[in-house]
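In what follows, a single structure is set out as structure tokens and then discussed.
Just so we're clear, the structure is a prediction, and the values are computed from it rather than from any experiment.
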Amino acid sequence: MAFKERLTRASEAKAWYGELPVESLYTVGIAGEKFFRTLKDEGKFLGTKCPKCDMVYVPPKIYCERCFERLEQYVEVADCGTLESFTCVHIGLDGKKLEEPIFVGLIRLDGASTCIVHKLGETKVEEVCFGMRVCAVLKPKAKREGSINDILYFKPSVK
Amino acid sequence: MGNRVAIVGAGMTKFVRRAQETGKELCFEAAKMALESCEMTLDQIDAVALGTAPDTFDGVHMKGEYLSDGAGAFGKPYMRSYVGGGTGVFSVIQGWYHIASGIIDTCLVICEEKMSSYQPHPQGAFLTIFDHTTERPLKPNLLWIFALEMNRYMNTYGLRKEDIALVAVKNKNNALDHPAAQIASPVTVEDILKSEVLAWPVQRLDVSPVSDGAVALVLTNESIARRVTNKPVWIEGVGWALDTTYWTNRDLCYPRYVEEAARMAYKMAGITDPRHQIHIAEPYDPFDYKELHHMEGLMLCGRGEAPQLTVDGVTQRDGELPTCPSGGLLGVGNPIAAAGLMKVAELFWQLRGEAGKRQVSRKVRRGVAQAWGDLMQVGTVVVVGI
Amino acid sequence: MNDRVAIIGIGATQFRSISPDVSYKELMFEAAVKAYEDCGINPRKDVDTFVTCAEDYIEGTSIFDEYVPDQLGAALKPMHTISGDGLHGIATAFLQIRTGQFDIAVVEAHCKSSNMLTPDGIEACAQDPIFNRPLNLNTHFIAGLEMNRFCFETGITYDQCAKVVIKNRRNALNNPIAGRAAKLTLDDFKYADGISCPLTELDIAQPVDGAIVIVLASEKKARALVKDPVWIKGIGWCNSTPSLESRNWVYPEYVTKAAEMAYKMAGITEPMNEICFAEIDDRYSYKELQHMMALKLCCECGAGRLIEQGVTEINGEFPVNPSGGALGMGFLYEATGLARLYCAVEQLRGNAGKNQIKDAKTALVQSWRGLPTTSAVVTILSI
Amino acid sequence: MKKQIQKDVTNIKQAQSEKLTPDPKLLRGIGLSTDDFKKGKVLTTHWVADTKYAWDQGIAIGRYLEGLKHGKILGVECHKCGRKMVPPRIFCECCFKPIDNWIELQDTGTVNTFSLCYVTWDMKRVTEPQIPAVIEIDGASKGMGIMHLLGEVDPKKVYVGMKVKAVWKPEKEREGAITDIKYWKPIK
């Protein structure tokens, strides 16, 4: 046996409590800065285009992750797109059950090759389906901070 | 030693206190520059080896995964190695065994650190390297452990601070010629001795600055190396060793783990007389005394003798054994893992005669780079030659 | 150069939901002693290189590397961390032995998941801090999105996913070290709490504590030390993108690429015919099916039919996770891949007891690093 | 031929000694000042991690802390190598075998090395230095120390080799922690 001794009473088993204190301030980066500034000031979505792979990254990257080209061509994409997947999240960040579940979607904006992950709003479980058309609902301009949360949610587009 | 492995390209970002780029973007910039330096493209790379130190700096759990797209790992075999401060040099060892195994022909080696993300000060992240139960409740900081080691070192050999400070003077001045350096102002021994006492005997200018940055190398097997460059730099020996966790049970005056790692690397490289068979050294210098400590561990001089070599000018660029001609961590900056890899990049440039103003006077054919890490515990050593 | 690499020793602790009687060091020591005993080696003398697989946030310690060498017998020896799954560690040891510089390598991975008081908060730190984390979502949402899309595209039903859970947790009943064995029926799924629809609590492998140590050796040493080496015929590993935005949400092509690398090395052209059974990642129920497809372990008809027809049962044509998988044995974070490997070696050695598969000669073992990663390793073992 | 890596080496220009690497023109990396953050010149996101743990003390450390609670410093002994170790562990890392027995050490020791530290763990300046030290514990093998703090001493008068004694918290306040020893003071 590996040990010559073992704990034999439940009262002997103790734990030491502590944490890994991490507070972070992240810069949004070169591409992120362009993306969020444009979203904040103009309410528009920017992506970067890789001419070689014919990909439009939204949010943008300064590189194509597939071919490693430096991407410098910023293109505007639509604020509406298609729902590629969705889920209804019942637990929060603390693992506890949420009072109100949160709708989350994977949205491919028109003109983009990639999808944005965001919340869905102004909709019901029964309505949501694959391929549904959705549009971004942004915070009022004055309240935007240059964050992914400048988008409040995506809602079904009325047509 | 298995298949021969060569370094054929190198790239890096500037080392800065706070970078605007994300960690991914820093990785990309260094990798792109390394690939372009040897006119290779990502599709010619078989595997990617990443090195980066604690996740707490960047503030991302599974940091290796997070950085992978910037590191060019899309659709490729990719792994992150990690030995604390020793990571930078270890990542080259990681690249080496990828290729020496015969399984991988070309490997991109990248190291990144974005320490500035940690708030309020990156040093705070080091609290969590101590034992959670028996040490952390004492609220230690990283300086403690260096100060304790430095004091033990000085005490054992009766060393003077002014002699140790010469290392910082040399390295910070060497860094004036490094285009990527974070600190570019000359210092004197007086400046160092007058600088703020942080944790005696450690003063402000004895310490390397915290930095953001990334460095990348391209490694290939022999046949590819000969096709992409006429000046491959060969990895002749590698070694690493990790000592016991119980750092307070060891004599801190001598880094035995560095010696073990060096012995392994020298054996592989066929080196029997390191002092004469090695022409240039890049030992790890996060603190000035550390360079001395590590020169002794690397057996480039006897125990307690490194300060005298420094006083005698042997370790200057025009000396007999140029040491940290790059400017080291003290001068160029210390984005932990990236700083270690920068040392190997420096040897690559020096051995190829491409270091410009930093080029050492003597002809150099073989060099050693070394990094240190963990709780005064790990040594990683790479010997390269042409 | 050493061409062939074998697994010669394995050691594991019991997998338990909590393990308050031992510290992580003591847990690792127990597994290490068992592994060294298994192949009759002394780590202080015989082992050339050690690899541990761990992540700092899981341990609650920065540079966790520091706390590993002593209990493995690795003090003042070559040892380092791979921040990856245990199978990444196996790949590392494999490469190191292949260089010809090392004959015996040890790979360790462990899990003290019970020591994490805020696992959801810890896992959230793996999300992209700029584009994803500010949404404040529990990380399981990624699996919910993926499962939904995957089932929609492939026609796999939620019942078929549930059957994976039933199979694996039942298999675990006969696995003495498993920590999450249970006898479930489809009815149980009706009452399961939703986590991120269509994902329920029963679809998620639950964490356990445990440690695993594996000893690898060059052919020369393996033959000298043990009678029954298990050979690593092939190994492959691969990443896709960490970005949720640009990844493939249906098909894990990184698993396929890792498998192709391993198959090529092992000379396997028809995986389903040449491999006897598989231990693959099943952190989420649908993942077993998704991974089978990516590994090319099912025909065009898809993995859903195979589970319906009982093909992947222990007595089926192609058993998958006869050990009970992560669903039945418990999820061990970075040690999960080594748990799969441990059980595959037991099978190949004929030591799997009631779960023994007849004439098991070649096995596939696969791991995935969990959310939000796209990082997988595949290895082919044979006797 | 490996993937189109084909280049005539004779075409590569010999590097000139004037060549400076890394090429400053190619170097990227934008350095920001504290002001750039304060004035909102760059966009950022912020996160405070929810990372809490309860680490199982296990056999060795559990007993060590229990000892501290009772005002005792416990160590372990390996009969093979003869080392008496502290902090205790259930295995000898040198011999890789389970340890043989527990020993009670003294609460006195010798300063192996020390520092006078003027900054806190998060780099805040303090006027009175903290004095961390490695203290070799009496009763353990030579060189077996623990990290702790010194107190009741003039910082200028601390020296390597100084004999010190533990100053314990009052018994009622002890909780089974390394901080049950407040600090170590010189033995006159």
Validation row: [X], [Y] side chains within 4.5 angstrom (heavy atoms):
X	Y	value
Asp36(D)	Gln20(B)	no
Met147(D)	Trp247(B)	yes
Leu198(B)	Cys117(D)	no
Leu138(B)	Thr179(D)	yes
Arg152(B)	Asn112(D)	yes
Ile61(D)	Thr134(B)	yes

With respect to chain B, which residue among [options] yields the maximal number of heavy-atom pairs within a distance under 4.5 Å?
options	answer
Lys124(D), Arg89(D), Gln130(D), Gln57(D)	Arg89(D)
Gly143(D), Ala177(D), Ser33(D), Pro87(D)	Gly143(D)
Pro132(D), Gly161(D), Pro129(D)	Pro132(D)

Would you compute the distance between atom [atom1] of [X] and atom [atom2] of [Y] and round it to the nearest 0.5 angstrom?
X	Y	atom1	atom2	value
Leu26(D)	Met12(B)	CG	CE	13.0 Å
Asp23(D)	Glu36(B)	CG	CD	11.0 Å
Met154(B)	Thr113(D)	CE	OG1	10.0 Å

message: Between Arg125(D) and Glu196(B), is the salt bridge (Lys or Arg N to Asp or Glu O under 4.0 Å) condition met? List the steps.
response: CA-CA 11 Å; Arg125(D) 190 97 197 143; Glu196(B) 178 190 10; 2.7 Å; yes

Do the side chain of [X] and the main chain of [Y] share a donor and acceptor less than 3.5 angstrom apart?
X	Y	value
Ser115(D)	Trp200(B)	yes
Arg358(B)	Thr21(D)	yes
Asn141(B)	Val119(D)	yes
Thr13(B)	Gly29(D)	no
Thr248(B)	Gly145(D)	yes
Asn249(B)	Val86(D)	yes
Glu21(B)	Ile30(D)	yes

Between [options], which has the largest tally of heavy atom pairs under 4.5 Å with chain D?
options	answer
Gly213(B), Ser116(B), Pro179(B), Ser37(B)	Pro179(B)
Asn155(B), Leu142(B), Leu252(B)	Asn155(B)
Asp251(B), Thr133(B), Val202(B), Val197(B)	Val197(B)
Glu346(B), Gln182(B), His132(B)	His132(B)

In terms of heavy-atom proximity below 4.5 Å to chain B, should [X] be classed as side chain, backbone, both, or neither?
X	answer
Leu149(D)	side chain
Thr120(D)	backbone
Tyr64(D)	side chain
Tyr159(D)	neither
Pro22(D)	both
Val134(D)	both
His46(D)	neither
Leu65(D)	side chain

- request: Go through the steps to decide whether Met33(B) and Leu27(D) satisfy the test side-chain contact (heavy atoms from CB on, under 4.5 Å), and finish with yes or no.
  value: CA-CA 8 Å; Met33(B) 188 173 171; Leu27(D) 272 178; 4.3 Å; yes

field: Whether over 12 other heavy atoms sit under 6.0 Å from Lys169(D) NZ
entry: yes

message: Looking at Lys72(D), I want to see if its NZ is surrounded by more than 12 non-hydrogen atoms of other residues, nucleotides or ligands under 6.0 Å.
response: no

Interchain contact, Asp212(B) with chain D, by part (heavy-atom threshold 4.5 Å): neither

task: Kindly determine whether Ile146(D) and Glu135(B) satisfy side-chain contact (heavy atoms from CB on, under 4.5 Å), including the steps that lead there.
output: CA-CA 9 Å; Ile146(D) 62 166; Glu135(B) 293 174 339; over 6 Å; no

